[in-house]
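Quantities reported herein were computed from a predicted structural model and do not represent experimental measurements.
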Amino acid sequence: PRRARRAVDEGDAHRLMTAAGATIGIVDYGAGNRRSVEKAVERVGACAVLTADHDLLRAADGLILPGVGAFPAGMELLRAGGFDELLHERAAAHVPIFGACLGMQLLFDGSTEHDGAEGLGLIPGTVRHLEAPGLKLPHIGWSDVRWTGASPLLDGLPDPAVFYHVHSYVPHPDDEADVLGVSEYGTPFASVVARGSVFGAQFHPEKSSVHGLRMLANFAALAARTPA
(Lines give C-alpha, C1' and ligand atoms only; values in the text may rest on other atoms or scores of the structure.)
Protein backbone atom coordinates (compact mmCIF):
# COMPACT_ATOMS: atom_id res chain seq x y z
CA PRO A 1 0.00 0.00 0.00
CA ARG A 2 1.16 3.50 -0.76
CA ARG A 3 0.81 4.61 2.86
CA ALA A 4 3.12 1.83 4.01
CA ARG A 5 5.67 2.66 1.31
CA ARG A 6 5.59 6.31 2.37
CA ALA A 7 6.31 5.39 6.00
CA VAL A 8 9.31 3.31 4.98
CA ASP A 9 10.57 6.14 2.78
CA GLU A 10 10.44 8.63 5.63
CA GLY A 11 12.39 6.26 7.83
CA ASP A 12 15.12 5.95 5.22
CA ALA A 13 15.37 9.63 4.34
CA HIS A 14 18.65 10.06 6.22
CA ARG A 15 20.37 8.02 3.49
CA LEU A 16 19.99 10.98 1.13
CA MET A 17 22.34 13.26 3.03
CA THR A 18 25.02 14.39 0.61
CA ALA A 19 27.82 16.90 0.59
CA ALA A 20 26.72 18.13 -2.82
CA GLY A 21 28.85 21.26 -2.48
CA ALA A 22 26.29 23.33 -4.38
CA THR A 23 24.68 26.63 -3.52
CA ILE A 24 21.05 26.54 -4.59
CA GLY A 25 19.17 29.82 -4.92
CA ILE A 26 15.44 29.65 -4.20
CA VAL A 27 13.61 32.45 -5.99
CA ASP A 28 11.58 34.30 -3.35
CA TYR A 29 9.02 36.01 -5.57
CA GLY A 30 6.07 35.75 -3.20
CA ALA A 31 4.37 32.53 -4.34
CA GLY A 32 4.79 29.07 -2.93
CA ASN A 33 5.97 27.32 0.20
CA ARG A 34 9.50 28.67 -0.08
CA ARG A 35 10.53 27.78 3.48
CA SER A 36 9.65 24.11 2.97
CA VAL A 37 11.74 24.03 -0.18
CA GLU A 38 14.62 25.73 1.66
CA LYS A 39 14.54 23.13 4.44
CA ALA A 40 14.44 20.25 1.95
CA VAL A 41 17.44 21.60 0.03
CA GLU A 42 19.36 21.94 3.29
CA ARG A 43 18.37 18.41 4.24
CA VAL A 44 20.12 16.95 1.20
CA GLY A 45 23.33 18.75 2.11
CA ALA A 46 23.30 21.72 -0.26
CA CYS A 47 23.52 25.37 0.77
CA ALA A 48 20.05 26.88 0.33
CA VAL A 49 19.74 30.63 -0.27
CA LEU A 50 16.12 31.81 -0.15
CA THR A 51 16.21 35.33 -1.51
CA ALA A 52 14.77 37.97 -3.82
CA ASP A 53 18.22 39.54 -4.27
CA HIS A 54 19.22 39.20 -7.92
CA ASP A 55 22.95 39.27 -7.23
CA LEU A 56 22.68 36.42 -4.72
CA LEU A 57 20.60 34.41 -7.17
CA ARG A 58 23.16 35.05 -9.93
CA ALA A 59 25.90 33.73 -7.64
CA ALA A 60 24.10 30.42 -7.05
CA ASP A 61 25.12 27.20 -8.80
CA GLY A 62 21.48 26.38 -9.51
CA LEU A 63 18.06 27.96 -9.07
CA ILE A 64 14.76 26.56 -7.84
CA LEU A 65 11.51 28.27 -8.83
CA PRO A 66 8.81 27.13 -6.38
CA GLY A 67 5.17 28.09 -6.59
CA VAL A 68 1.56 27.44 -5.70
CA GLY A 69 -1.55 29.16 -6.98
CA ALA A 70 -2.70 30.42 -10.35
CA PHE A 71 -0.45 30.80 -13.38
CA PRO A 72 -1.40 34.43 -14.28
CA ALA A 73 -0.79 35.65 -10.72
CA GLY A 74 2.53 33.81 -10.55
CA MET A 75 3.76 35.39 -13.78
CA GLU A 76 2.66 38.81 -12.58
CA LEU A 77 4.76 38.41 -9.45
CA LEU A 78 7.76 37.20 -11.43
CA ARG A 79 7.60 40.17 -13.79
CA ALA A 80 7.05 42.67 -10.97
CA GLY A 81 10.31 41.55 -9.38
CA GLY A 82 12.24 41.29 -12.63
CA PHE A 83 12.71 37.57 -12.06
CA ASP A 84 11.55 36.69 -15.57
CA GLU A 85 14.57 38.47 -17.06
CA LEU A 86 16.86 36.97 -14.43
CA LEU A 87 15.69 33.43 -15.18
CA HIS A 88 16.15 33.96 -18.91
CA GLU A 89 19.65 35.26 -18.25
CA ARG A 90 20.64 32.31 -16.08
CA ALA A 91 19.11 29.80 -18.49
CA ALA A 92 21.09 31.36 -21.35
CA ALA A 93 24.21 30.87 -19.21
CA HIS A 94 23.27 27.17 -18.84
CA VAL A 95 22.77 27.45 -15.09
CA PRO A 96 20.52 24.59 -13.93
CA ILE A 97 16.98 25.73 -13.12
CA PHE A 98 14.32 23.57 -11.46
CA GLY A 99 10.65 24.57 -11.39
CA ALA A 100 8.35 22.85 -8.89
CA CYS A 101 4.55 22.64 -9.16
CA LEU A 102 3.40 26.09 -10.37
CA GLY A 103 7.08 26.93 -10.86
CA MET A 104 7.28 24.10 -13.40
CA GLN A 105 4.23 25.39 -15.27
CA LEU A 106 5.67 28.90 -15.44
CA LEU A 107 8.62 27.54 -17.45
CA PHE A 108 6.31 27.00 -20.44
CA ASP A 109 5.14 29.40 -23.15
CA GLY A 110 1.80 30.05 -21.55
CA SER A 111 -1.34 28.76 -19.85
CA THR A 112 -5.06 28.72 -20.49
CA GLU A 113 -5.80 29.17 -16.77
CA HIS A 114 -8.38 31.89 -16.08
CA ASP A 115 -8.07 34.31 -19.02
CA GLY A 116 -4.71 32.89 -20.04
CA ALA A 117 -1.21 34.30 -19.64
CA GLU A 118 2.21 34.13 -21.24
CA GLY A 119 4.89 32.21 -19.39
CA LEU A 120 8.67 32.26 -19.34
CA GLY A 121 9.00 30.33 -22.60
CA LEU A 122 12.00 28.30 -21.43
CA ILE A 123 10.27 25.07 -22.48
CA PRO A 124 8.02 25.18 -25.59
CA GLY A 125 4.46 24.17 -24.83
CA THR A 126 1.22 25.16 -23.14
CA VAL A 127 -0.31 24.48 -19.74
CA ARG A 128 -3.94 23.35 -19.95
CA HIS A 129 -6.68 22.05 -17.65
CA LEU A 130 -6.24 18.44 -16.57
CA GLU A 131 -8.81 16.18 -18.22
CA ALA A 132 -9.93 13.78 -15.49
CA PRO A 133 -13.45 12.54 -16.28
CA GLY A 134 -15.32 11.42 -13.17
CA LEU A 135 -12.48 12.42 -10.83
CA LYS A 136 -12.29 15.31 -8.39
CA LEU A 137 -10.06 18.27 -9.10
CA PRO A 138 -7.64 19.44 -8.00
CA HIS A 139 -5.66 16.22 -8.16
CA ILE A 140 -4.33 15.89 -4.61
CA GLY A 141 -2.27 12.97 -3.40
CA TRP A 142 0.50 10.46 -4.03
CA SER A 143 0.84 9.27 -7.62
CA ASP A 144 3.36 7.06 -9.38
CA VAL A 145 5.60 8.64 -12.00
CA ARG A 146 7.13 6.34 -14.62
CA TRP A 147 10.22 7.43 -16.47
CA THR A 148 10.18 7.96 -20.23
CA GLY A 149 13.61 9.56 -20.56
CA ALA A 150 17.08 9.51 -19.04
CA SER A 151 18.68 12.28 -16.99
CA PRO A 152 21.03 12.72 -14.02
CA LEU A 153 17.97 14.22 -12.30
CA LEU A 154 16.58 10.68 -12.03
CA ASP A 155 19.68 8.94 -10.65
CA GLY A 156 18.85 6.45 -7.91
CA LEU A 157 15.08 6.71 -8.31
CA PRO A 158 12.96 3.58 -8.83
CA ASP A 159 10.68 3.22 -11.84
CA PRO A 160 8.00 4.10 -11.04
CA ALA A 161 8.64 6.51 -8.18
CA VAL A 162 5.91 8.09 -6.06
CA PHE A 163 5.46 11.84 -5.57
CA TYR A 164 2.93 14.18 -3.98
CA HIS A 165 0.84 16.12 -6.51
CA VAL A 166 -1.52 19.08 -5.98
CA HIS A 167 -2.78 20.60 -9.25
CA SER A 168 -5.63 21.12 -11.71
CA TYR A 169 -3.51 22.08 -14.74
CA VAL A 170 -0.80 20.17 -16.57
CA PRO A 171 1.87 21.06 -19.14
CA HIS A 172 1.73 19.90 -22.74
CA PRO A 173 5.29 20.16 -24.10
CA ASP A 174 5.57 20.72 -27.84
CA ASP A 175 8.42 18.23 -28.00
CA GLU A 176 7.83 14.80 -26.44
CA ALA A 177 11.59 14.50 -25.96
CA ASP A 178 11.27 17.13 -23.21
CA VAL A 179 9.20 14.71 -21.09
CA LEU A 180 11.20 12.70 -18.54
CA GLY A 181 8.33 11.26 -16.52
CA VAL A 182 4.62 10.62 -16.88
CA SER A 183 1.93 10.21 -14.24
CA GLU A 184 -1.79 9.55 -14.61
CA TYR A 185 -4.97 10.96 -13.12
CA GLY A 186 -7.86 10.26 -15.43
CA THR A 187 -5.47 10.71 -18.33
CA PRO A 188 -1.66 10.53 -18.56
CA PHE A 189 0.19 13.81 -18.10
CA ALA A 190 3.77 15.04 -18.13
CA SER A 191 4.97 15.14 -14.54
CA VAL A 192 8.73 15.70 -15.03
CA VAL A 193 10.26 17.67 -17.89
CA ALA A 194 13.70 18.79 -18.99
CA ARG A 195 15.14 20.88 -21.78
CA GLY A 196 18.84 21.62 -21.67
CA SER A 197 19.64 22.90 -18.19
CA VAL A 198 15.98 23.62 -17.38
CA PHE A 199 14.04 21.04 -15.36
CA GLY A 200 10.56 20.89 -13.90
CA ALA A 201 8.30 18.69 -11.79
CA GLN A 202 4.53 19.01 -11.52
CA PHE A 203 4.64 17.64 -7.96
CA HIS A 204 6.10 19.03 -4.73
CA PRO A 205 9.51 17.37 -4.23
CA GLU A 206 9.81 18.94 -0.78
CA LYS A 207 6.63 17.07 0.27
CA SER A 208 7.45 13.81 -1.51
CA SER A 209 9.52 12.04 1.14
CA VAL A 210 12.59 10.07 0.06
CA HIS A 211 11.90 10.22 -3.69
CA GLY A 212 11.43 13.98 -3.63
CA LEU A 213 14.58 14.42 -1.58
CA ARG A 214 16.49 12.19 -3.98
CA MET A 215 15.43 14.38 -6.90
CA LEU A 216 16.50 17.53 -5.05
CA ALA A 217 19.83 15.89 -4.15
CA ASN A 218 20.32 14.97 -7.81
CA PHE A 219 19.58 18.53 -8.87
CA ALA A 220 22.07 19.90 -6.33
CA ALA A 221 24.72 17.44 -7.52
CA LEU A 222 24.01 18.39 -11.12
CA ALA A 223 24.36 22.08 -10.27
CA ALA A 224 27.63 21.41 -8.46
CA ARG A 225 29.04 19.76 -11.59
CA THR A 226 28.03 22.58 -13.94
CA PRO A 227 30.98 24.88 -14.83
CA ALA A 228 30.51 28.47 -13.70
Is the closest basic N to carboxylate O distance between [X] and [Y] below 4.0 Å?
| X | Y | result |
| --- | --- | --- |
| Asp178 | Arg195 | yes |
| Glu38 | Arg35 | yes |
| Arg43 | Glu206 | no |

Applying the 4.5 Å side-chain criterion to the ILVMFWY set and letting contacts propagate, would Phe219 and Val41 be lumped into a single cluster?
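The answer is yes; both residues are in one hydrophobic cluster.
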Could you check whether the rings of Phe163 and Phe203 sit parallel, tilted or perpendicular, using 30° and 60° as the cut-offs?
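Judged by the thresholds at 30° and 60°, the geometry between Phe163 and Phe203 is parallel.
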Taking all atoms of both residues into account, what is the closest heavy-atom pair of [X] and [Y], and its distance?
| X | Y | result |
| --- | --- | --- |
| Asp28 | Arg34 | OD1-NE, 2.8 Å |
| Leu122 | Ala91 | CD2-CB, 3.9 Å |
| Leu153 | Leu180 | CD2-CD1, 4.4 Å |
| Tyr29 | Pro66 | OH-O, 2.7 Å |
| Ala223 | Pro96 | CA-CG, 3.9 Å |

Quick one: does [X]'s side chain have a donor or acceptor within less than 3.5 Å of a partner on [Y]'s backbone?
| X | Y | answer |
| --- | --- | --- |
| His204 | Tyr164 | no |
| Asp109 | Gly125 | yes |
| Trp147 | Val182 | no |
| His172 | Ala190 | no |
| His167 | Tyr169 | yes |

Say whether His139 and Ser143, considering side chains only, have a donor N or O and an acceptor N or O under 3.5 Å apart.
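Note: His139 and Ser143 side chains meet the donor-acceptor criterion.
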Side-chain H-bond candidate by donor/acceptor type, Gln202 with Gln105, under 3.5 Å:
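Yes, side-chain donor-acceptor contact under 3.5 Å.
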Residue pair Asp61 / Val95, side-chain heavy-atom distance below 4.5 Å
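No, too far: nothing below the 4.5 Å cut-off.
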So, do Phe199 and Val193 sit near enough that their side-chain heavy atoms are less than 4.5 Å apart?
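In short, these two side chains do not touch, never coming nearer than 4.5 Å.
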Is it the case that atom CD in Glu89 sees more than 12 heavy atoms from other parts of the structure closer than 6.0 Å?
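Count over threshold, so yes.
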Show the numbers, then the answer: is there a side chain to side chain donor-acceptor pair (under 3.5 Å) between Ser191 and His165?
CA-CA 9 Å; Ser191 186; His165 293 73; 2.9 Å; yes
